[in-house]
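Take a look at the structure set out below.
In this chain, numbering begins with 1 at the start of the sequence shown. Worth saying up front: this structure is predicted, and the values here are computed from it rather than measured.
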Amino acid sequence: SMGNFDAVPDLATACRPVKCDNVQLPLVENSIVTTAAEQFYEYPETVTSECEPGFTTNGDVSGDNSFTIGCQADGTFQSPKSCVAVNCGKSKSYAHASRSTGGNVRYQTSAQYSCLTGYSLNGQPGGPSVFSEVCQADGTFKSVTEDGTTATEALECKCIKCGAPLEKMHASSLLQTSLMQTSRKTLLGSRSQGTKAQGVYEYGQSISYQCEQGTTVGGVPGGLTSFTSMCTEYGTFTGSSQDCQPVRLSVSGTAKNAA
């Protein structure tokens with residue numbers, strides 16, 4: 001009778017899983033391999049990678065942050081996914097400020113802002129006026145001032161103030177249209193003699209001074225009878241040296257001895 005024998009496999013000819021060389025493992029930017037490193041990976045093993053904080057496979061903050069790369073039957077690795085910077089969305093719009101971009105801002109980038117002329121973050125002449133909105137890993141923005149400090153309160157470009165208007169002798173005053181306003185309003189009083197514009201003036205607001213009867217700007221005969229003073233971005237008024245003065249009388253002719 002014939003017996004049954006278990007064949008001893010020939011290691012030289014036995015079928016074995018295809019191997020993928022670790023050297024060929026694709027390197028994905030902004031990711032780390034979390035699977036234990038091996039010299040070779042056998043089909044159909046997979047290698048797991050994880051995106052670094054601030055990155056996902058699709059750039060959405062709620063997107064997947066890990067993926068696998070499989071060893072294929074032909075001894076090559078699958079094409080991996082990418083780790084894309086998280087999208088924080090469109091940059092904010094601030095009143096009285098220009099910005100570098102109105103589009104989407106991604107992790108590790110920022111939108112730069114600069115207060116317009118006549119404005120600063122503290123409302124003071126020469127005050128800080130540059131800041132940024134930085135996209136964070138969690139998909140939110142944080143406000144950062146020019147010196148790199150994270151703002152603890154909402155930033156705002158505030159109008160620079162010049163304070164109370166200049167007092168001018170022999171003149172009445174009236175608030176004119178502001179550079180930043182379209183409406184015209186009169187401060188306390190009117191153009192009547194002795195009236196003074198009052199209140200705190202901001203950048204772009206101007207005051208019209210009307211000389212009293214018998215006076216001109218600088219006292220020049222036939223000279224101007226009105227002038228304008230405006231609050232500047234430096235927190236000062238223009239026309240500080242101008243005044244209404246009594247007209248200087250001139251004498252013509254030849255003096256003769258009346259004796």
(Q) Going by the rule side-chain contact (heavy atoms from CB on, under 4.5 Å), which residues pair with Glu133 if we only count those two or more places apart in sequence or in a different chain? (A) Lys92, Tyr94, Tyr113, Phe141, Ser143

Using only atom types and a distance under 3.5 Å, with no angle test, would you say the side chain of [X] pairs donor to acceptor with the backbone of [Y]?
X      : Y      : value
Thr145 : Phe131 : no
Thr57  : Asp64  : yes
Asn87  : Gly89  : yes
Gln210 : Thr225 : yes
Thr101 : Gly103 : yes
Arg248 : Gly218 : yes
Arg99  : Ser91  : yes
Lys168 : Gln242 : yes
Asn58  : Asp60  : yes

Between [X] and [Y], which heavy-atom pair has the shortest distance, and what is it?
X      : Y      : result
Thr76  : Asp74  : OG1-OD1, 2.7 Å
Cys71  : Lys19  : SG-C, 4.2 Å
Val61  : Val86  : CB-CG1, 3.9 Å
Ile160 : Tyr119 : CD1-N, 4.0 Å
Leu224 : Cys211 : O-SG, 4.5 Å
Arg106 : Val84  : NH1-CG1, 3.9 Å

Return all side-chain donor-acceptor pairs below 3.5 angstrom for residues 39-53, not counting sequence neighbours, or 'none' if the list is empty.
unit_1: Tyr41; atom_1: OH; unit_2: Ala36; atom_2: O; d: 3.2
unit_1: Tyr41; atom_1: OH; unit_2: Glu38; atom_2: N; d: 3.2
unit_1: Glu45; atom_1: OE1; unit_2: Glu42; atom_2: N; d: 2.8

Q.
If hydrophobic clusters are built by linking Ile, Leu, Val, Met, Phe, Trp and Tyr wherever their side-chain heavy atoms come under 4.5 Å apart, do Val134 and Val105 end up in the same one?
A. no

(Q) Please report the interatomic distance OG(Ser129) to CD(Glu233), rounded to the nearest 0.5 Å. (A) 11.5 Å

Q. Quick one: CD1 on Ile69 to OG1 on Thr35, what's the gap to the nearest 0.5 Å?
A. 9.0 Å

Q) For residues 64-88, which residue pairs qualify under ring pair (Phe, Tyr, Trp, His ring centres under 6.0 Å), counting only residues two or more places apart or in two chains? A) none

Q: Using the side chain to side chain contact (heavy atoms under 4.5 Å, CB included) rule, take Leu116 and Cys157 through it: C-alpha gap first, then chi angles, then the decisive distance, then the call.
A: CA-CA 8 Å; Leu116 300 180; Cys157 289; over 6 Å; no

Q: Check whether any side-chain heavy atom of Val144 lies under 4.5 Å from a side-chain heavy atom of Lys142, and answer yes or no.
A: yes

(Q) Regarding Ser120 and Gln124, do their side chains bring together a donor and an acceptor under 3.5 Å, going by distance alone? (A) no

Q.
Parallel, tilted or perpendicular, judged at 30° and 60°: which one describes the rings of Tyr209 and Phe227?
A. parallel

Q) By side-chain hydrogen bond (donor to acceptor under 3.5 Å, both in side chains), which residues pair with Ser110, not counting sequence neighbours? A) Gln112

Q. Who pairs with Thr232 by side-chain hydrogen bond (donor to acceptor under 3.5 Å, both in side chains), at least two apart in sequence or on another chain?
A. Thr236

Q: Among residues two or more places apart or on two chains, list those pairs meeting salt bridge (Lys or Arg N to Asp or Glu O under 4.0 Å) that have a residue in residues 144-164.
A: Lys161-Glu202

